[in-house]
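Start at 1 with the first residue, then count along the sequence.
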Amino acid sequence: METDLLGMPYERHTIDLGTDDEGPVTATLVRRHAEQPDGRAVLYVHGFSDYFFQSHLADFYTSRGINFYALDLRKYGRSLLPHQTPNFCRDLSEYYPELDEAARVIRAEDGHDRLLVTGHSTGCLITALWAHDRRGTGAVDAMFFNSPFFDMNVPRHIKLAMTPIALRKGRTQPYYKMPVGLNDVYGSSIHRDRYGEWEYKLEWKPLPGFPVYAGWLRAILVAQKRLHVGLDIQAPIIVASSTASYKRARWGEAARAADSVLDVDHMARWTPALGRRTTLVRVEGGLHDLTLSAEPSRKQLFDELGRWMDAYFTA
């Protein structure tokens with residue numbers, strides 16, 4: 001481990017993942033120990049056009065004796081190399097090697113006996129499929145999903161028309177840049193240079209996000225279809241979302257208190273498809289990353305999560 005860009009007490013470890021068609025590939029595991037650890041650990045996995053910078057999230061866990069880890073996936077944040085297409089993949093299972101290695105380090109090397117895996121947005125979809133495919137191995141003891149990307153936030157008729165095109169192009173022209181993507185509303189709601197309160201690296205998390213490529217979109221559609229059929233995650237799960245979605249492409253004051261990226265009703269609809277022990281929480285005034293919401297909503301989220309952990313993720 002070496003000192004992370006956040007400074008001590010954060011450390012980071014580079015995971016060598018070999019090479020792909022673009023060249024060398026790495027992921028980055030960030031670690032922060034609690035002052036009085038109790039044997040539990042949490043592994044945080046970010047969303048699309050994202051990386052770990054939310055130090056107050058680590059504060060929440062370490063104050064409870066839980067050692068904190070965050071994984072910057074390949075081609076994201078700390079792991080993004082100059083020769084790589086940002087955030088690109090062809091299949092979400094490409095992320096399994098770094099998830100496997102992170103879990104191994106947390107359990108075998110650092111000696112934790114309880115692991116909570118938490119994802120945000122696309123990170124929820126990735127870790128949900130990983131937990132399902134690793135069921136029976138004891139890899140995960142509990143899961144927390146923050147505004148999961150369980151369905152496309154487009155009208156049904158557009159999704160029906162778009163899906164076969166994306167599936168075909170994703171297979172034959174994976175680096176084709178799709179004429180869809182994020183706008184800058186969500187970025188404007190969180191970055192302090194606009195209407196938010198947070199500072200982060202815009203080269204790793206641009207306000208309008210990175211381009212959407214056909215290969216990545218195909219990977220998302222295939223993964224969401226798997227989830228919709230139904231998973232069998234054996235660990236208890238809590239899913240949290242805002243109470244409202246903001247669907248305009250331009251900034252408006254309502255974006256300060258709503259999810260401006262995804263449809264929160266999709267999150268509620270697909271929560272039961274994850275496994276047999278699921279809990280759904282709706283946070284009034286929450287943003288897409290609920291941990292970056294204004295203080296009243298942030299407090300509600302952490303209060304709900306704390307109560308849930310008292311029941312399902314004890315030391």
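To the nearest 0.5 Å, the span separating CD1 on I126 from OH on Y96 amounts to 9.5 Å. Here L92 contributes atom CG and T122 contributes atom OG1; the two are 8.0 Å apart, rounded to the nearest 0.5 Å. A distance of 13.0 Å separates CZ of R74 from CG of N87, quoted to the nearest 0.5 Å. A distance of 7.0 Å separates CG in L221 from NZ in K159, rounded to the nearest 0.5 Å. Rounding to the nearest 0.5 Å places CH2 of W204 at 12.0 Å from CZ of F53. A distance of 13.0 Å separates OG1 of T3 from OH of Y10, quoted to the nearest 0.5 Å.
In terms of modelled atom types and a separation under 3.5 Å, the side chain of S147 and the main chain of S121 share no donor-acceptor contact. At distances below 3.5 Å, at least one donor-acceptor pair connects side-chain atoms of N153 with backbone N or O atoms of V261. Looking at S293, its side chain does come within 3.5 Å of a backbone N or O of L290 through a donor-acceptor pair. No donor-acceptor pair under 3.5 Å is formed between the side chain of R12 and the backbone N or O of L6. Checked by atom type and distance alone, the side chain of R107 pairs as donor or acceptor with a backbone atom of A139 at under 3.5 Å. Not a single donor-acceptor pair under 3.5 Å links the side chain of H13 to the backbone N or O of A102. R218 places no side-chain N or O within 3.5 Å of a backbone atom of P174 that could act as its donor or acceptor partner. A donor-acceptor pair under 3.5 Å links the side-chain atoms of D141 to the main chain of L115, judged by distance alone. Under the 3.5 Å distance criterion, the side-chain polar atoms of R40 are left unmatched by any main-chain donor or acceptor of G65. Side-chain atoms of Q173 never come within 3.5 Å of backbone atoms of A214 as a donor-acceptor pair (strictly under, hydrogens ignored).
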Does the side-chain contact (heavy atoms from CB on, under 4.5 Å) test come out yes or no for R64 and D38, once each step is laid out? CA-CA 9 Å; R64 288 159 173 78; D38 61 13; over 6 Å; no
Given side-chain contact (heavy atoms from CB on, under 4.5 Å), test W130 with V140 step by step and report yes or no. CA-CA 10 Å; W130 173 74; V140 180; 3.5 Å; yes
Do W216 and F48 pass the ring-ring contact (aromatic ring centres under 6.0 Å, His included) test, and can you show the C-alpha distance, the side-chain angles, and the key distance before you say yes or no? CA-CA 10 Å; W216 178 87; F48 180 68; 4.4 Å; yes
Verdict with supporting geometry, R156 and D151, salt bridge (Lys or Arg N to Asp or Glu O under 4.0 Å): CA-CA 11 Å; R156 177 174 171 78; D151 211 336; over 6 Å; no
Show your working on side-chain contact (heavy atoms from CB on, under 4.5 Å) between H56 and L292 and close with a plain yes or no. CA-CA 9 Å; H56 65 290; L292 303 181; 3.8 Å; yes
Criterion side-chain contact (heavy atoms from CB on, under 4.5 Å) on F313 and F144, from CA distance to verdict: CA-CA 11 Å; F313 189 61; F144 163 42; over 6 Å; no
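G77 and Y51 get closest at one heavy-atom pair: CA-CB, 3.7 Å. Of all heavy-atom pairs between S242 and A257, the closest is OG-O, 4.2 Å. M162 and L217 get closest at one heavy-atom pair: SD-CD2, 4.3 Å. Scanning both residues, N183 and R248, for their nearest heavy atoms gives ND2-O, 4.1 Å. Minimum heavy-atom separation, C89 to E94: CB-OE1, 3.4 Å. Between T28 and S79, the shortest heavy-atom distance links the atoms OG1-OG, 2.9 Å.
Legend: residues meeting side chain to side chain contact (heavy atoms under 4.5 Å, CB included) with Y175, ordered by chain and number and at least two apart, are D21, E22, T85, F88, R90. The salt bridge (charged side-chain N to carboxylate O under 4.0 Å, His left out) search around K299 returns D303, not counting sequence neighbours. In this structure D72 satisfies the salt bridge (charged side-chain N to carboxylate O under 4.0 Å, His left out) test together with R78, sequence neighbours excluded. Remark: R31 engages E11, D110 in a salt bridge (charged side-chain N to carboxylate O under 4.0 Å, His left out) (not counting sequence neighbours). R277 meets the salt bridge (charged side-chain N to carboxylate O under 4.0 Å, His left out) test with no other residue; sequence neighbours excluded.
Aromatic pair F52/F68: centroids less than 6.0 angstrom apart.
Using a 4.5 Å cut-off between side-chain heavy atoms of Ile, Leu, Val, Met, Phe, Trp and Tyr, with links allowed through other members, L227 and V154 fall into the same hydrophobic cluster. By the criterion of side-chain heavy atoms lying less than 4.5 angstrom apart, applied directly or through intervening Ile, Leu, Val, Met, Phe, Trp or Tyr residues, L80 is not grouped with Y213; the two fall into different hydrophobic clusters. M309 and Y312 fall within the same hydrophobic cluster, defined by Ile, Leu, Val, Met, Phe, Trp and Tyr side-chain heavy atoms under 4.5 Å apart, directly or through other members.
In this structure, D289 does not pair ionically with K205, as no charged nitrogen and carboxylate oxygen lie closer than 4.0 Å. A salt bridge links D184 with R194: the closest approach of a Lys/Arg side-chain nitrogen to an acidic carboxylate oxygen falls below 4.0 angstrom. With respect to the salt-bridge test (charged N to carboxylate O, under 4.0 angstrom), the residues R134 and D100 qualify. With respect to D232 and R276, a salt bridge is recorded, a charged nitrogen being found less than 4.0 Å from a carboxylate O.
Here W251 is tied into one hydrophobic group with V185, Y195, Y246, each link being a pair of ILVMFWY side chains closer than 4.5 Å.
When side chains are defined from C-beta on, Y61 counts as touching L305, because their heavy atoms get closer than 4.5 Å. In this structure, P24 and H83 have side chains that are in contact, with non-hydrogen atoms separated by less than 4.5 Å. Between H120 and Y44 there is a side-chain heavy-atom pair separated by less than 4.5 Å. Contact of the V283 side chain with the E304 side chain is not registered, since no non-hydrogen atoms from C-beta on lie closer than 4.5 Å. No side-chain heavy atom of I66 sits less than 4.5 Å from a side-chain heavy atom of L116. Proximity of H132 to R226: side-chain heavy atoms (C-beta onward) are separated by under 4.5 Å at one or more points. No side-chain heavy atom of Y95 sits less than 4.5 Å from a side-chain heavy atom of V45. Counting heavy atoms from C-beta outward, V264 and T243 have side chains that stay 4.5 Å or more apart.
The number of heavy-atom neighbours closer than 6.0 Å to CD of E109, taken from other residues, nucleotides and ligands shown, is above 12. Within 6.0 Å of the CD atom in Q36, the count of heavy atoms belonging to other residues, nucleotides or ligands does not exceed 12. Atom CZ of F302 has more than 12 heavy atoms from other residues, nucleotides or ligands within 6.0 Å.
Across V239, I237, I238, a single residue satisfies side-chain contact (heavy atoms from CB on, under 4.5 Å) together with L280, and that is V239.
Between H112 and Y69, the ring planes are perpendicular. Angles over 60° get that label, and only those under 30° would be called parallel.
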